[in-house]
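Report on the following structure.
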Amino acid sequence: MAVQLVHPREAPDPRAFRLLPAGGKYPPSDKPLFLAGYSELCRVDLNGQHALEICGGGGELAARLAQVFPQAAVTGLDFRVPAGPETEAWRKQSPNLSYVAGSAFDLNFLPASSVELVWGQAALHHLAHDPGTLCQQVGRVLKPGGRLVFIFEPLGHNLLVAAIRAMRMARAEMPDESNLFVSQIEGMSADFSKCEVQVFNFLGYPMKAFSDRFAPLNRAVQTLDGLLFQKLPRLLRYGANCNLIFTK
Ligand SMILES: C[S@@+](CC[C@H](N)C(=O)[O-])C[C@H]1O[C@@H](n2cnc3c(N)ncnc32)[C@H](O)[C@@H]1O
């Protein structure tokens, strides 16, 4: 199935702004990417549905999604259940929020076709060494029409991303990480009916060091990237960062 590479141009879903603090530790220049990704989490009314975050880390994004959709059952999964006063406060505020310890490669604790949304933030590049198992596990639990969304992933066709990450991998700084390639995403998409990849940061990536500190520069670079991606769609695969939306 063909993978569609796009640079999103529509205004973010207003609810996406309520999720934005959960991307707060990432570069400020990536805000448009996070707003586009978070809009995808809000695209379908999740109230009455089950949503599962994989590789959820400290669990803030799951907590915020549970607040946005108070009638949804939201589960955050990572190797460890997050703990601490902040986690307790989120749980108290949202009885519809739960955390489980486990692996994204083993979702057998969930019934088949029971989940409307599975998502991960900065997650797929930790799982990309075994996309087959991942897609099989997620495909089993997703309802027909349900979606698998990944937010903030690196694209390995971008030479600067590839070089920087290769250097860090060689220094063993990223033991479980891989780069993503369109061919690999195409392989994953075979298990789904639709796959869209939202691409960001062509010039935005080398400019990050400056534009993270100076918002007007970031806006100018983002606008320029938007124009470049529109006029030269072949550049899309060379963007540095992406969100992926697979529909079952
Ligand atoms: C870069 S962190 C992202 C955490 C969080 N999503 C965020 O954006 O702050 C990657 C997370 O993936 C988790 N992880 C890696 N492999 C996993 C697996 N197979 N199953 C569950 N979690 C995994 C790690 O424990 C870590 O918390």
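Start at 1 and go down the list; that is how both ligands and their atoms are numbered. Predicted model, so just to flag it, every value in this text is computed and none were measured.
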Backbone N/O of [Y] and side chain of [X]: donor-acceptor pair under 3.5 Å:
{"X": "Arg147", "Y": "Glu116", "result": "no"}
{"X": "Tyr38", "Y": "Arg15", "result": "no"}
{"X": "Asn96", "Y": "Ala66", "result": "yes"}

Atoms of ligand 1 less than 4.0 Å from [X] heavy atoms?
{"X": "His126", "value": "1 (C), 10 (C), 15 (C)"}
{"X": "Leu127", "value": "16 (N), 17 (C), 18 (C), 19 (N)"}
{"X": "Gly102", "value": "20 (N), 21 (C)"}

request  = Determine whether any heavy atom of Gly56 lies closer than 4.0 Å to an atom of ligand 1.
outcome  = yes
ask   = Angle class for the Phe34/Phe152 ring planes (parallel below 30°, perpendicular above 60°, tilted otherwise)?
value =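 Phe34 and Phe152: tilted rings.
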ask   = What orientation do His7 and Phe229 show, parallel under 30°, tilted 30 to 60°, or perpendicular over 60°?
value =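 Correct class here is tilted.
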query = Out of Tyr26, Phe34, Phe79, whose heavy atom is nearest to atom 18 (C) of ligand 1?
reply = Phe79
task = With atom 6 (N) of ligand 1 as the reference point, say which of Cys55, Ala62, Gly57, Gly120 has the nearest heavy atom.
result = Cys55
inquiry  = Is there a polar contact between ligand 1 and Asp176, counting only N or O atoms under 3.5 Å apart?
reply    =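 No, since none of the N or O atoms of Asp176 sits under 3.5 Å from an N or O of ligand 1.
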ask   = Taking N or O atoms only and a 3.5 Å limit, does Ala104 qualify as a polar contact for ligand 1?
value = yes
Ring center gap for Phe105 and His129 short of 6.0 angstrom = yes
inquiry  = Once you restrict to heavy atoms under 4.0 Å, what part of Leu61 touches ligand 1? Side chain, backbone, both or neither.
reply    =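 Within the 4.0 Å criterion, Leu61 makes no contact with ligand 1.
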task = Under 4.0 Å, heavy atoms only, figure out whether ligand 1 is touched by the backbone of Phe105, its side chain, both or neither.
result =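 Under 4.0 Å from ligand 1, Phe105 contributes side-chain atoms alone.
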How far is [atom] from its nearest protein heavy atom, and which residue and atom is that?
{"atom": "atom 9 (O) of ligand 1", "value": "Lys25 NZ, 2.8 Å"}
{"atom": "atom 25 (O) of ligand 1", "value": "Asp78 OD1, 2.7 Å"}
{"atom": "atom 2 (S) of ligand 1", "value": "Ala122 O, 4.0 Å"}

message = Would you say that Leu110 contacts His50 through its side chain, given a criterion of any heavy-atom pair below 4.5 Å between the two side chains?
response = yes
key: Min side-chain heavy-atom separation Leu19-Gln67 under 4.5 Å   =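 Answer no - side chains too far apart.
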task = To the nearest 0.5 angstrom, please state how far the CG atom of Leu244 sits from the CD atom of Glu153.
result = 6.5 Å
